[in-house]
Engineer: 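Here's a structure for you.
Predicted, not measured: the structure shown is a model, and the values here were computed from it.
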Amino acid sequence: MCDVSGYGAIASRFRGICVRDCLSDCLKKNINSPVNVLAYTVGFGIGIYLGILIEDHVALGYVNFQVTVKIDQGDPDYEHNKKLPETLRDNGYGVTETWGYGRDGSRLILNILAPRKADHRLMTLIHELAPDAFVMVNEPTQMSGGFWSKEVERRFRKVAHKN
């Protein structure tokens with residue numbers, strides 16, 4: 001089982017200790033000077049911004065896309081939407097298909113697990129292939145079993161390098 005929540009808890013605790021210690025030092029010694037308070041707040045803001053940039057660049061982990069498209073036989077996009085799972089698989093993604101029924105008819109529901117580094121590329125591909133699709137993205141915190149393996153990761157990287 002892959003449990004990424006433990007690393008987040010450790011990092012969060014370390015950050016909390018650093019913030020507490022730094023803030024107490026700043027407030028004890030330099031609270032009387034508005035310039036020092038301003039420098040602290042600007043530095044804090046820049047640190048948060050840089051942290052976000054670094055985290056987006058490193059992009060560890062996975063994202064799960066749930067894509068829902070119309071699959072009614074009378075719909076003009078029926079054949080195109082029916083081929084959507086295979087098209088995504090040809091692009092290196094693992095796709096699980098589920099058929100459902102909503103208020104306005106039949107739906108094809110696709111679950112796609114992908115590396116976080118590929119989320120923008122996958123979202124662009126989905127919008128190109130099925131512009132009317134309803135897409136929901138979340139980050140799994142625990143995974144166990146299933147088809148996701150080093151083989152899928154290798155295949156995804158091979159397809160990604162072609163583009």
Side-chain angles (χ1 to χ4, degrees), residues 1-22 43-72 75 77-163:
M1 176 167 20
C2 177
D3 184 5
V4 294
S5 62
Y7 297 120
I10 292 169
S12 176
R13 184 67 190 136
F14 178 72
R15 179 184 168 275
I17 291 169
C18 290
V19 168
R20 181 199 65 204
D21 292 348
C22 292
F44 187 82
I46 290 171
I48 294 292
Y49 180 72
L50 289 175
I52 290 170
L53 289 178
I54 291 168
E55 199 268 339
D56 278 346
H57 181 71
V58 173
L60 297 175
Y62 298 95
V63 289
N64 185 50
F65 281 70
Q66 184 176 17
V67 180
T68 305
V69 293
K70 279 186 172 183
I71 198 75
D72 285 326
D75 189 45
D77 291 329
Y78 174 76
E79 286 299 322
H80 177 74
N81 287 345
K82 192 174 177 184
K83 294 176 185 175
L84 185 60
E86 204 54 45
T87 305
L88 291 169
R89 288 183 186 114
D90 291 343
N91 280 280
Y93 298 100
V95 180
T96 300
E97 303 174 48
T98 306
W99 293 71
Y101 190 80
R103 184 186 72 185
D104 296 328
S106 297
R107 299 286 184 260
L108 176 60
I109 304 163
L110 308 175
N111 283 302
I112 308 158
L113 186 66
R116 251 189 77 217
K117 288 184 179 188
D119 64 348
H120 297 296
R121 190 174 345 142
L122 178 55
M123 184 65 86
T124 302
L125 181 62
I126 291 168
H127 284 304
E128 288 173 5
L129 297 173
D132 294 333
F134 173 72
V135 181
M136 188 170 44
V137 182
N138 57 33
E139 293 186 28
T141 56
Q142 294 184 6
M143 294 184 292
S144 177
F147 183 67
W148 196 258
S149 66
K150 290 183 180 182
E151 174 62 27
V152 174
E153 181 85 21
R154 184 188 62 75
R155 190 178 75 209
F156 172 78
R157 288 177 192 220
K158 187 168 105 179
V159 170
H161 288 300
K162 283 182 186 177
N163 300 332

Engineer: Indicate every side-chain donor-acceptor pair of residues 122-130 with a distance under 3.5 Å to a residue at least two apart or in another chain.
Structural biologist:
{"residue": "T124", "atom": "OG1", "partner": "H120", "partner atom": "O", "Å": "2.9"}

Engineer: Rounded to the nearest 0.5 Å, what separates atom CG in N111 from atom OG1 in T68?
Structural biologist: 8.5 Å

Engineer: Using every non-hydrogen atom in the two residues, find where R107 and G102 come nearest and quote the distance to one decimal.
Structural biologist: CG-N, 4.3 Å

Engineer: Under 4.5 Å between any side-chain heavy atoms of V137 and D119, yes or no?
Structural biologist: no

Engineer: For residues 43-55, tabulate all N or O donor-acceptor pairs below 3.5 Å that involve a side-chain atom, not counting sequence neighbours.
Structural biologist:
{"residue": "E55", "atom": "OE1", "partner": "R116", "partner atom": "NH2", "Å": "3.4"}
{"residue": "E55", "atom": "OE2", "partner": "R116", "partner atom": "NH1", "Å": "2.8"}
{"residue": "E55", "atom": "OE2", "partner": "R116", "partner atom": "NH2", "Å": "3.3"}

Engineer: Listed by chain and number, what are the side chain to side chain donor-acceptor pair (under 3.5 Å) partners of Q66, not counting sequence neighbours?
Structural biologist: none

Engineer: How far apart are the closest heavy atoms of P140 and Y62, and which atoms are they?
Structural biologist: CD-O, 3.4 Å

Engineer: Would you say L110 and F65 make side-chain contact, with heavy atoms under 4.5 Å?
Structural biologist: no

Engineer: Any side-chain heavy atom of W99 within less than 4.5 Å of one from L108?
Structural biologist: yes

Engineer: When rounded to the nearest 0.5 angstrom, what is the spacing between CG in N91 and CZ in R121?
Structural biologist: 9.5 Å

Engineer: Can you list the residues that meet the side-chain contact (heavy atoms from CB on, under 4.5 Å) rule with D77, with sequence neighbours excluded?
Structural biologist: D75, N81

Engineer: In chain order, what residues pass the side chain to side chain donor-acceptor pair (under 3.5 Å) check against E86, with sequence neighbours excluded?
Structural biologist: R89

Engineer: Would you please name every residue forming a side-chain contact (heavy atoms from CB on, under 4.5 Å) with S106, sequence neighbours left out?
Structural biologist: I71, D72, Y101

